[in-house]
Amino acid sequence: MADPKKALPENVPGDFFVDASCIGCHNCSDLAPEIFGEVDDDFYLVVKKQPASKDEVHKALQALVCCPKGSIGTREKHDIKSVIEEFPLEISQDVYYLGFNSDKSAGAKSFFVADEGGNWMVEAPKFQERTLKWIESRGGLSHIFLSHRDDVAQADLFADYFKAKRIIHQDDLEAQPEAEIVIQGTEPVAFGPHFLVIPTPGHTMGHCVLLHKETHLFTGDMLTSQERFGDPIETWKPELCWWSWEHQTESIGKLINYSFTVMIPSHGRIWRDTEAKMKEHLRKCIERCNAEPNTNPYSAHRISYLAFMVEHAKRTGQTQYAIETQAKLDELHKRGAKKENK
Ligand SMILES: [Fe+2]
C-alpha cells in the first residue's frame with residue numbers, strides 16, 4: 001500500500017500520488033503515459049498530471065494495480081476490485097498482458113501467448129491465484145520464455161505448477177539454474193512452427209528475444225518504445241546496458257532479417273507497424289546506438305542503476321552476477337575518485 005506520508009515531492013498535488021518506494025520500472029507510464037512520468041531523467045516516476053477524464057482515471061488505476069511495489073496510491077476511494085478483474089488485457093489475437101508485475105523481475109511485464117501446440121508465458125508476473133486460475137482456464141502453459149536474467153521473478157513456481165519448460169540462455173542460467181531448456185550460442189532455435197528464440201547478447205550476455213508467428217517480437221530489455229528520440233523503436237539508455245553496448249547494437253542488426261509487426265518490450269510501450277516500417281525503425285535505432293556515448297561513463301545515474309542491480313542480483317540469488325556488478329560499480333567509483341582528484 002502506497003503511503004501518502006512518503007509521497008514524492010515532485011507529484012503534482014491531487015488524488016493520485018507515487019511514494020518513495022518506486023523503483024522506476026516505467027510500467028505506470030506505459031499504461032498511463034499522460035499521467036505518470038520520469039523526473040528529469042531520474043530513477044523514479046511521479047504523477048505529472050492528475051487524471052481528469054474517466055478514461056484517464058481508469059488507466060491510472062490499471063497502473064496502480066499492476067505496480068510491482070505498490071508505490072501508487074490515491075487519497076480518494078476508487079473501485080479497485082473491478083479494475084483487478086479486467087486483467088489479463090488482450091494485446092492482439094492470442095497475446096495478453098498478464099498484469100501484476102513482480103518486483104522480483106524489477107517490474108518487467110509478463111505476457112501469455114495462446115497456441116494450439118501449447119501456451120507460452122513470457123517473463124513471469126507475481127505468483128498469485130488470480131493469474132494461475134486464468135492461465136488454467138486457458139489450458140495451462142507448456143513453455144516459459146525468459147528473455148534474460150533480470151526478469152525471471154518466480155518462473156520456477158509457475159513451471160512447477162503447470163509442469164512447463166523454462167527457456168533461458170546458458171549465459172544467464174544463474175538466474176534459473178534448474179531451467180529445463182538452455183539455449184546455447186548465438187544461433188536461433190525454433191520451437192515448432194510458431195516460436196523462434198533468437199539470442200541477442202548485449203543488455204546481458206545471455207539476452208534473447210522471442211518471435212511468435214512472424215508477428216509478435218518480445219524484445220525483453222533490448223528494445224523498447226519510450227519516445228526518447230521521437231522514433232518508436234529504441235534501446236534503453238546506455239547506462240542501463242549491463243554487459244556490452246557494442247554487442248547489443250550488433251544484435252539489433254540481426255533482427256532486420258526477421259519479419260514482425262508488433263514489438264512487445266518487457267519494459268516500455270508496445271509498438272505496431274508494417275514489416276517494412278519496423279525494419280526502417282531498426283535501422284534508425286542502430287544509427288543512434290552507433291552515435292551514442294560509451295556505456296560506461298562515470299555518471300551518477302550509472303552508479304544508481306548499478307547499485308540497484310547489485311541488490312536485485314542478491315535478492316534473486318545470483319551471487320556471481322552480484323559480484324560482477326559490484327566490481328563494475330567499484331571501478332566506476334575509482335574512476336570518479338580519480339576525476340575528482342584531478
Ligand atoms: Fe534487464
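Counting from 1, the numbers follow the sequence of the chain as shown. One-based numbering, in listed order, for ligands and for the atoms of each.
- H203 and H148 have their aromatic ring centers within a separation under 6.0 angstrom.
- By the side chain to side chain donor-acceptor pair (under 3.5 Å) test, T235 pairs with no residue at all, sequence neighbours left out.
- Listed by chain and number, the protein N, O or S atoms at a distance under 2.8 Å from the Fe ion (ligand 1) are H148 NE2, D150 OD2, H203 NE2, D221 OD2.
- Taking the six-membered ring for Trp and the full ring otherwise, H78 and F16 have centroids separated by under 6.0 Å.
- Screening residues 248-265 for side-chain hydrogen bond (donor to acceptor under 3.5 Å, both in side chains), with sequence neighbours left out, gives S259-E275.
- Within the structure, every pair that satisfies the salt bridge (Lys or Arg N to Asp or Glu O under 4.0 Å) test and touches residues 165-175, not counting sequence neighbours, is listed here: R149-D172, R149-E174, R166-E180.
- Ring centers of F112 and W134: under 6.0 Å apart, within the cut-off.
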